[in-house]
Q: 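Quick one: the structure is below, and I'll ask about it shortly.
Just follow the structure's listing: the first ligand is 1, and inside any ligand the first atom is 1.
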Amino acid sequence: LLEILVSLPNATYPVQIGAGTLDHLPENLSKYSPASTYAVITDTTVSPYYAERVRKAVSTLAPCHVFVFEAGEVNKTRTTWSDLTDRMLAAGIERDGAVIALGGGVVGDLAGFVAATYHRGIDLIHLPTSLLAMVDSSIGGKTGVDTESGKNLVGAFHQPRLVVADVAMLETLPDRQLAAGLAEAVKHGAIADAAYLEWIDRCRGQILAKRADELAHLVRRSVEIKADIVMADEKEAGRRATLNFGHTVGHGLEAATSFGILHGEAVAVGMVSEARLGEVMGITEPGSAETLLDLLGALGLPHQIPSSCQVADLLESARSDKKNRAGQLRFAPIRRPGESARTATGKWTFEVQPETLLNVLRSQTA
Ligand SMILES: NC(=O)c1ccc[n+]([C@@H]2O[C@H](COP(=O)([O-])OP(=O)(O)OC[C@H]3O[C@@H](n4cnc5c(N)ncnc54)[C@H](O)[C@@H]3O)[C@@H](O)[C@H]2O)c1
Ligand SMILES: [Zn+2]
């Protein structure tokens with residue numbers, strides 16, 4: 001079993017990675033997050049597979065309640081948050097209780113926000129079950145919900161006490177969801193580690209076949225990269241913005257398709273767009289977009305903008321994204337696959353001319 005320590009000024013926590021890590025949950029809970037009661041929060045898809053197993057294991061330690069909500073991004077809302085917190089209050093969970101988030105990124109973000117706000121903040125443990133949650137969303141402390149105005153607009157930073165990524169749980173994850181998680185892993189390679197990108201390419205057969213060793217290595221390397229960046233810049237004042245590579249276009253694409261495309265799929269398309277944009281702007285080495293496109297394609301990910309999507313709408317959605325101040329469109333490009341780019345003054349994001357992006361998007365439409 002492998003353990004990576006995330007060490008921040010106000011929180012230090014282990015990320016345990018490997019097949020079978022879940023078997024040691026009770027001892028690790030008592031070590032890293034002892035509590036009077038545990039509230040397992042999970043969704044209707046994950047619950048039938050893993051909730052009873054987790055409840056049984058946790059119950060050997062302290063009373064354990066399971067709270068299930070309807071799966072799906074559309075339920076990552078304040079309504080679900082208030083429903084969950086009401087149910088926890090009714091169950092008598094007090095300030096020395098802890099929340100266990102069992103599920104993908106939707107569960108992690110929502111349960112994390114419950115933990116951040118319940119009695120002004122209680123302990124949080126992440127048990128990520130999707131690849132995306134293992135390589136990305138369970139690390140770094142961002143929690144929150146969506147509103148009518150956009151994604152993740154209400155939330156809080158709340159770091160977990162412990163993250164347990166048992167790759168054996170990926171056995172039940174649909175292939176399309178696995179590929180979506182791989183998009184974020186490719187992003188980690190693209191911004192920070194060319195050798196990791198090459199490894200993903202070389203081992204993609206084993207990864208797609210869900211071989212435990214390769215999955216564990218993948219999660220480990222992604223967590224290391226994300227943790228390094230978060231440790232350098234917890235509240236996104238600078239370098240953490242590099243994790244948004246592919247996301248300026250990706251978020252626009254998610255909104256313009258009314259979330260008809262998975263987050264990871266949108267990021268895959270967005271990385272190709274932003275690499276091309278970087279090439280056109282003279283920031284990114286020529287050929288970088290092609291390299292990423294080949295790898296993403298081999299992993300079963302899309303790299304074209306669906307013909308049903310209007311590029312003008314995509315651009316408009318990207319401009320209204322919360323990361324863009326006063327309508328100014330910015331992105332976090334790469335220098336080449338394996339390295340993020342910086343401006344002459346050391347900034348990690350560059351301003352985009354809407355016309356230039358529009359041309360790139362037009363040439364990328366299916
Ligand atoms: N907090 C962060 O830093 C951060 C980073 C990236 C993404 N996110 C958020 O994460 C969310 C996307 O996460 P996601 O892709 O995991 O989505 P998700 O949680 O909706 O999971 C995808 C689907 O797979 C199912 N599932 C999960 N694990 C499974 C398993 N082991 N077996 C079978 N089915 C399983 C889920 O029930 C769901 O239907 C978005 O809301 C995004 O905003 C947050
Ligand atoms: Zn993402």
Q: So between G112, G105, S137, whose heavy atom ends up nearest atom 14 (P) of ligand 1?
A: G105
Q: Record the part of H251 in heavy-atom contact with ligand 1 below 4.0 Å; permitted values are side chain, backbone, both and neither.
A: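 Neither; nothing of H251 gets under 4.0 Å from ligand 1.
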Q: Just by distance, no angles: are the side chains of S36 and D96 close enough, under 3.5 Å, to form a donor-acceptor pair?
A: yes
Q: Taking only heavy atoms of Y49 into account, list the atoms of ligand 1 that are under 4.0 Å away from them.
A: 33 (C)
Q: Using a 4.0 Å heavy-atom cut-off, say whether Q177 meets ligand 1 through its side chain, its backbone, both or neither.
A: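 It is the side chain that touches ligand 1; the backbone stays farther off.
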Q: Parallel, tilted or perpendicular: which fits the ring planes of F113 and W81, with parallel below 30° and perpendicular above 60°?
A: tilted
Q: Check E184 and report its N/O/S atom nearest to the Zn ion (ligand 2), by atom name.
A: OE2
Q: Taking atom types as modelled, is there a side-chain donor on T77 or T80 under 3.5 Å from an acceptor on the other?
A: yes
Q: Classify the contact between E171 and ligand 1 as side chain, backbone, both or neither, using a heavy-atom distance cut-off of under 4.0 Å.
A: neither
Q: Identify the closest protein heavy atom to atom 21 (O) of ligand 1: which residue and atom is it, and at what distance?
A: G104 CA, 4.2 Å
Q: Using a heavy-atom cut-off of under 4.0 Å, does the side chain or the backbone of D109 touch ligand 1, or both, or neither?
A: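 Looking at D109 and ligand 1, just side chain atoms fall under 4.0 Å.
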Q: Are K76 and E73 ion-paired here, with the side-chain N under 4.0 Å from a carboxylate O?
A: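 Yes, charged N to carboxylate O under 4.0 Å.
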Q: With respect to E339, which candidate in R342, R335, R336 satisfies the side chain to side chain donor-acceptor pair (under 3.5 Å) definition?
A: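 By the side chain to side chain donor-acceptor pair (under 3.5 Å) criterion, E339 pairs with just one of R342, R335, R336: R336.
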Q: How far is atom 40 (C) of ligand 1 from its nearest protein heavy atom, and which residue and atom name does that atom have?
A: E73 OE1, 3.2 Å
Q: State whether E184 and K226 are salt-bridged, where the test is any N-O pair (Lys NZ or Arg NE/NH1/NH2 against Asp/Glu carboxylate O) under 4.0 Å.
A: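 No, this pair does not count.
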Q: Are side-chain N/O atoms of H119 and E94 paired as donor and acceptor at under 3.5 Å?
A: no
Q: Between R330 and T349, do the side chains contain an N or O donor and an N or O acceptor separated by less than 3.5 Å?
A: yes
Q: For the Zn ion (ligand 2), does an N/O/S atom of D136 lie at less than 2.8 Å?
A: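 Short answer: no, not a single N, O or S atom is under the cut-off.
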Q: I'd like the name of whichever of V267, L178, L132, D136 reaches closest to atom 7 (C) of ligand 1 through any heavy atom.
A: L132
Q: Under 3.5 Å, is there a donor-acceptor pair between the E236 and N244 side chains?
A: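 Short answer, yes.
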Q: In this structure, does ligand 1 have an atom that sits under 4.0 Å from one of the heavy atoms of K226?
A: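 It does; at least one heavy atom falls under 4.0 Å.
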Q: Which of these, T172, V107, V230, has its nearest heavy atom closest to atom 33 (C) of ligand 1?
A: T172
Q: Starting at CD1 of I100, measure out to NE2 of H65 and round the result to the nearest 0.5 Å.
A: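 The CD1 atom of I100 sits 11.5 Å away from the NE2 atom of H65.
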Q: Please classify the T44 to ligand 1 contact at 4.0 Å (heavy-atom distances, strictly less than): side chain, backbone, both or neither.
A: neither
Q: I want to confirm something. Looking only at heavy atoms, which of V106, V135, L110 is nearest to atom 18 (P) of ligand 1?
A: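 Ranked by closest heavy atom to atom 18 (P) of ligand 1, first place is V106.
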